[in-house]
Amino acid sequence: MHYQHVILERDSLYICTVQLATGAFHWAIILTDEKARAIRHHWYQVAGKPYAETYGSQVITPAARTGNSAVLGYYKLAGYVPCPDFVEVCRNVFTSHATVDQNRAMGMTCRTWILHVLKGLYIRGSFPTRKETPTEFIDAVEAQIKSRSTQADNTFLSLFYQSLSHQYQPPVISL
């Protein structure tokens, strides 16, 4: 199945949210390089391992859908300066437990993983033009993405119920 591609700016950091059946969203970081090649970084479930979830990354083509799920938005974090330790920050945020339930009991989700990564990047100077504290920055980003993703989910569902979901285009917004 072919979905409309989404153009992202080069040398940028986006938070991408994807629709889940539960009314929640899967969160991922999309990092673009100098050629606008997009790499998704996220915390996700794995099978057949002694741990339930892990950090992973893969080159992607940003699009309006991923699999059968709608992409609810690509939210660019303005002022991002690439961090040479980016992958190290991502790898060291969480150490997974044996089950997803144990991870959730410890507050480990794809959303909280991203918020921890953003805090690590902020502390390392990757957002030099931002004037708020790390906590204010994280709280503002989280609130805006939750609100905008909920709006986008409602838009997609409205089109879906009208058999017009093919017209849906995820927002690409700078925060």
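Note: hydrogens, waters and symmetry copies are ignored here, and every other heavy atom, side chains too, is used.
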*asked:* When you compare the side chains of Gln58 and His42, does any donor N or O come within less than 3.5 Å of an acceptor on the partner?
replied: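 Gln58 vs His42: donor-acceptor pair found between side chains.
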
_Checking side-chain polar atoms at under 3.5 Å, does Thr155 have a donor or acceptor matched by the opposite partner on Gln151?_
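No - no donor-acceptor pair under 3.5 Å links their side chains.
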
Under 3.5 Å: donor-acceptor pair, side chain of [X], backbone of [Y]:
{"X": "Tyr55", "Y": "Phe94", "result": "no"}
{"X": "Ser12", "Y": "Arg10", "result": "yes"}
{"X": "Tyr75", "Y": "Pro171", "result": "no"}
{"X": "Thr112", "Y": "Gly107", "result": "yes"}
{"X": "Thr32", "Y": "Glu9", "result": "yes"}

So which atom in [X] and which in [Y] form the shortest heavy-atom distance, rounded to 0.1 Å?
{"X": "Tyr168", "Y": "Ala64", "value": "O-CB, 4.0 Å"}
{"X": "Arg104", "Y": "Thr109", "value": "CD-CG2, 3.6 Å"}
{"X": "Thr95", "Y": "Met108", "value": "O-CE, 3.4 Å"}

*side-chain contact (heavy atoms from CB on, under 4.5 Å) between Thr17 and Val71, intermediate numbers included*: CA-CA 6 Å; Thr17 55; Val71 173; over 6 Å; no

Spacing of [X] atom [atom1] and [Y] atom [atom2] [to the nearest 0.5 Å]:
{"X": "Ile114", "Y": "Leu13", "atom1": "CD1", "atom2": "CG", "answer": "9.0 Å"}
{"X": "Trp27", "Y": "Cys16", "atom1": "CH2", "atom2": "SG", "answer": "11.0 Å"}
{"X": "Ile60", "Y": "His41", "atom1": "CD1", "atom2": "NE2", "answer": "9.5 Å"}
{"X": "Ser57", "Y": "Arg91", "atom1": "OG", "atom2": "CZ", "answer": "7.5 Å"}
{"X": "Tyr14", "Y": "Ile145", "atom1": "OH", "atom2": "CD1", "answer": "12.5 Å"}
{"X": "Glu142", "Y": "Leu115", "atom1": "CD", "atom2": "CG", "answer": "5.0 Å"}

*asked:* Check the orientation of Phe127 and Tyr80. Use parallel for under 30°, tilted for 30 to 60°, and perpendicular for over 60°.
replied: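 Ring orientation, 0 to 90° scale: tilted.
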
